[in-house]
Amino acid sequence: MAGERHRIITIANQKGGVGKTTTAINLATALAAIGERVLIIDLDPQGNASTGLGIDRRNRKLSSYDLMVGDHGVSAVTLETAVPNLFIVPSTMDLLGVEMEIAQESDRVFKLRKALSSPEAMAFSYILLDCPPSFNLLTMNAMAAAHSVLVPLQCEFFALEGLSQLLETVSQVRRTVNPRLDIQGIVLTMFDARNNLAQQVVNDVRTHLGEKVYHTLIPRNVRVSEAPSYGKPAILYDLKCAGSQAYLQLASEVIQRERQRLAA
């Protein structure tokens, strides 16, 4: 595969409960369903992406912790999922201690970038990095390793305030450790068409950020919320529900943007 087809996308928002992990799981599944070879790296100690893809905690002998501290390479820590073409580096609670372990090392911000420079990592067309809901050394590693940041944004009153903080963080990372980092796009989540405030948030975000905002709106959807408890992406749990269809549309938009980038 040509190196330019290899894309590392950080999925980040320092605010919790915005649909970040749900977006990571379902976007990855949709990309895998159309034949892309996709890897999720679960960087959240809670391990929700791992659980949501049906990876039992007893089977997580190695994890993203081992990748971060440099004990094992990508192939050793990667597990297959039930979705063809979709793989995961699972998370364990060991990640809680990774900051203290690497804090004194001069390359502490670049641990993940180094791990993902290997040939086995380059064999994936997409690597999605699911970050914890905070800006810490794990998130900093993800942003230092990535080509771009995809931001899930909940359609609620405080959304723009949190977004401005995140955009400033991305600018800071670009200035200091990763000049190539850009905004892949803003995806609006938990949209309720019956709620006037939700529509106002959509309008405000589109006014401020224009083409950076994906056209697809991810709706509030019970089936999407239920899916992780069955260890499945929503797209496998109920393909026809509104949430699954929206994530398929989002994947189409992501790929379209990548084609435009390559053509530019």
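Please read all numbers here as calculations on a predicted model, not as lab measurements. Only heavy atoms go into these numbers, but all of them, side chains included; no hydrogens, no water, no symmetry mates. Positions are given from 1 along the sequence.
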Open item on the list: Test your reading of the model: is there a side-chain donor-acceptor pair from N13 to the backbone of K20, 3.5 Å cut-off?
Closed with: no
Open item on the list: Counting neighbours of CZ on R180 that are heavy atoms of other residues, nucleotides or ligands and sit closer than 6.0 Å, is the number greater than 12?
Closed with: yes
Open item on the list: Would you compute the distance between atom CD1 of I183 and atom OG of S148 and round it to the nearest 0.5 angstrom?
Closed with: 8.5 Å
TODO: Kindly indicate, with the supporting measurements, whether the criterion side-chain contact (heavy atoms from CB on, under 4.5 Å) is fulfilled by T189 and T22.
DONE: CA-CA 10 Å; T189 63; T22 301; over 6 Å; no
- [ ] State plainly whether one hydrophobic cluster holds both V187 and V38, where clusters connect Ile, Leu, Val, Met, Phe, Trp and Tyr through side-chain heavy atoms under 4.5 angstrom apart.
- [x] yes
Task: ring-ring contact (aromatic ring centres under 6.0 Å, His included) partners for F135, two or more places apart - done: none
TODO: Would you please test T51 and R57 for side-chain contact (heavy atoms from CB on, under 4.5 Å) and show each step?
DONE: CA-CA 8 Å; T51 303; R57 290 191 181 276; 4.1 Å; yes
- [ ] Heavy atoms only: give me the nearest L62-A76 pair and the separation to one decimal.
- [x] CD1-O, 3.5 Å
Open item on the list: Between N26 (side chain only) and Y247 (backbone N and O only), is there a donor and an acceptor less than 3.5 Å apart?
Closed with: no
TODO: Return the set of residues passing side-chain contact (heavy atoms from CB on, under 4.5 Å) with Q14 (not counting sequence neighbours), or none when no residue passes.
DONE: Q165, L166
Task: Co-membership, hydrophobic cluster, residues M140 and V98, 4.5 Å side-chain - done: yes
TODO: Consider only side-chain N and O atoms of N48 and T21, and report whether a donor and an acceptor are under 3.5 Å apart.
DONE: no
Open item on the list: Could you go through L112 and L43, starting from their C-alpha distance and side-chain angles, then the distance that decides it, and tell me whether this counts as side-chain contact (heavy atoms from CB on, under 4.5 Å)?
Closed with: CA-CA 10 Å; L112 192 58; L43 292 172; 3.8 Å; yes
TODO: Find the distance between CG (L86) and CG (L31) and round it off to the nearest 0.5 Å.
DONE: 9.5 Å
Open item on the list: For residues L250 and V149: do they belong to one hydrophobic cluster (side chain heavy atoms under 4.5 Å, members Ile, Leu, Val, Met, Phe, Trp, Tyr)?
Closed with: no
Task: From CG (D42) to SG (C131), nearest 0.5 Å - done: 10.0 Å
- [ ] Give the minimum heavy-atom separation between R60 and S91, together with the two atoms involved.
- [x] NH1-O, 3.1 Å
Open item on the list: Can you give me the closest heavy-atom contact between C241 and N221, atom names plus distance?
Closed with: SG-OD1, 3.4 Å
TODO: Apply side-chain hydrogen bond (donor to acceptor under 3.5 Å, both in side chains) to T139 and list each qualifying residue two or more places apart in sequence or on a separate chain.
DONE: N136
Open item on the list: Do I88 and L138 land in one hydrophobic cluster if side-chain heavy atoms of ILVMFWY residues count as linked below 4.5 Å?
Closed with: no
Task: Any pair counted as salt bridge (charged side-chain N to carboxylate O under 4.0 Å, His left out), so long as it reaches residues 216-230, sequence neighbours left out - done: R223-E226, R223-D238
Open item on the list: Looking at R58, is its backbone amide N or carbonyl O close enough to the side chain of K61 to form a donor-acceptor pair, meaning the two atoms are under 3.5 Å apart?
Closed with: yes
Open item on the list: If the condition is side-chain contact (heavy atoms from CB on, under 4.5 Å), which residues does Q245 pass it with, not counting sequence neighbours?
Closed with: L239, L248
Task: Co-members of V18 in a cluster of I, L, V, M, F, W and Y side chains, linked at under 4.5 Å - done: none
TODO: Measure from NZ or CZ of R7 to the centre of the six-membered ring of Y126 and say whether it is under 6.0 Å with the direction within 45° of the ring axis.
DONE: no
TODO: Any chance you could lay out the side-chain contact (heavy atoms from CB on, under 4.5 Å) test for L79 and L53, step after step, and finish with the verdict?
DONE: CA-CA 11 Å; L79 299 176; L53 283 169; over 6 Å; no
TODO: Please indicate whether K15 has more than 12 foreign heavy atoms, meaning atoms of other residues, nucleotides or ligands, lying under 6.0 Å from its NZ.
DONE: yes
- [ ] Not counting sequence neighbours, which residues clear side-chain contact (heavy atoms from CB on, under 4.5 Å) with A227? List them please.
- [x] A234, Y237
TODO: Return yes if some donor-acceptor pair links the side-chain N/O of H147 with the main-chain N/O of I9 below 3.5 Å, else return no.
DONE: no
Open item on the list: On a heavy-atom basis, which atom in A146 and which in T10 lie closest, and how many Å separate them?
Closed with: CB-OG1, 3.2 Å
- [ ] Scan for side-chain hydrogen bond (donor to acceptor under 3.5 Å, both in side chains) pairs involving residues 64-87, sequence neighbours excluded, and state none if there are none.
- [x] Y65-E101
TODO: Mind checking side-chain contact (heavy atoms from CB on, under 4.5 Å) for E253 and listing every partner two or more places apart, or none if nothing turns up?
DONE: Y214, H215, T216, R257
- [ ] Kindly indicate whether the side chain of I127, heavy atoms from C-beta on, has any atom under 4.5 Å from the side chain of H6.
- [x] yes
Task: E168 atom CD, over 12 foreign heavy atoms within 6.0 Å - done: yes
- [ ] Just grab all the side-chain hydrogen bond (donor to acceptor under 3.5 Å, both in side chains) pairs involving residues 196-208, residues at least two apart or on different chains.
- [x] Q199-N203, Q200-D204
- [ ] Could you pull out the closest heavy-atom pair between V201 and C155, with the gap in Å?
- [x] CG1-CA, 3.9 Å
Open item on the list: Please give the remaining members of the hydrophobic cluster of L96, linking ILVMFWY side chains under 4.5 Å, ordered by chain and number.
Closed with: M93
Open item on the list: For residues 105-123, which residue pairs pass the side-chain hydrogen bond (donor to acceptor under 3.5 Å, both in side chains) check, not counting sequence neighbours?
Closed with: E105-K111, D107-K111
- [ ] Enter the distance from I34:CD1 to T29:OG1 here, rounded to the nearest 0.5 Å.
- [x] 11.5 Å
Open item on the list: Please find the pair of heavy atoms, one from A121 and one from V74, that lie closest to each other, and give the distance.
Closed with: CB-CG2, 4.0 Å
Task: Check: P119 and M122 side chains under 4.5 Å, non-hydrogen atoms - done: no
Open item on the list: When you group the ILVMFWY residues by side-chain heavy-atom contacts below 4.5 Å and let the links chain together, are I25 and L39 in the same group?
Closed with: no
Task: Gap separating the CD1 atom of I186 from the CG atom of L153, nearest 0.5 angstrom - done: 6.5 Å
Open item on the list: Applying the side chain to side chain donor-acceptor pair (under 3.5 Å) criterion to S125, which one of E258, R37, E36 satisfies it?
Closed with: E36
Task: Close side-chain approach of M143 to N178, heavy-atom, < 4.5 Å - done: no
Open item on the list: Return the CG to CG distance between L137 and L95, rounded to the nearest 0.5 Å.
Closed with: 11.0 Å
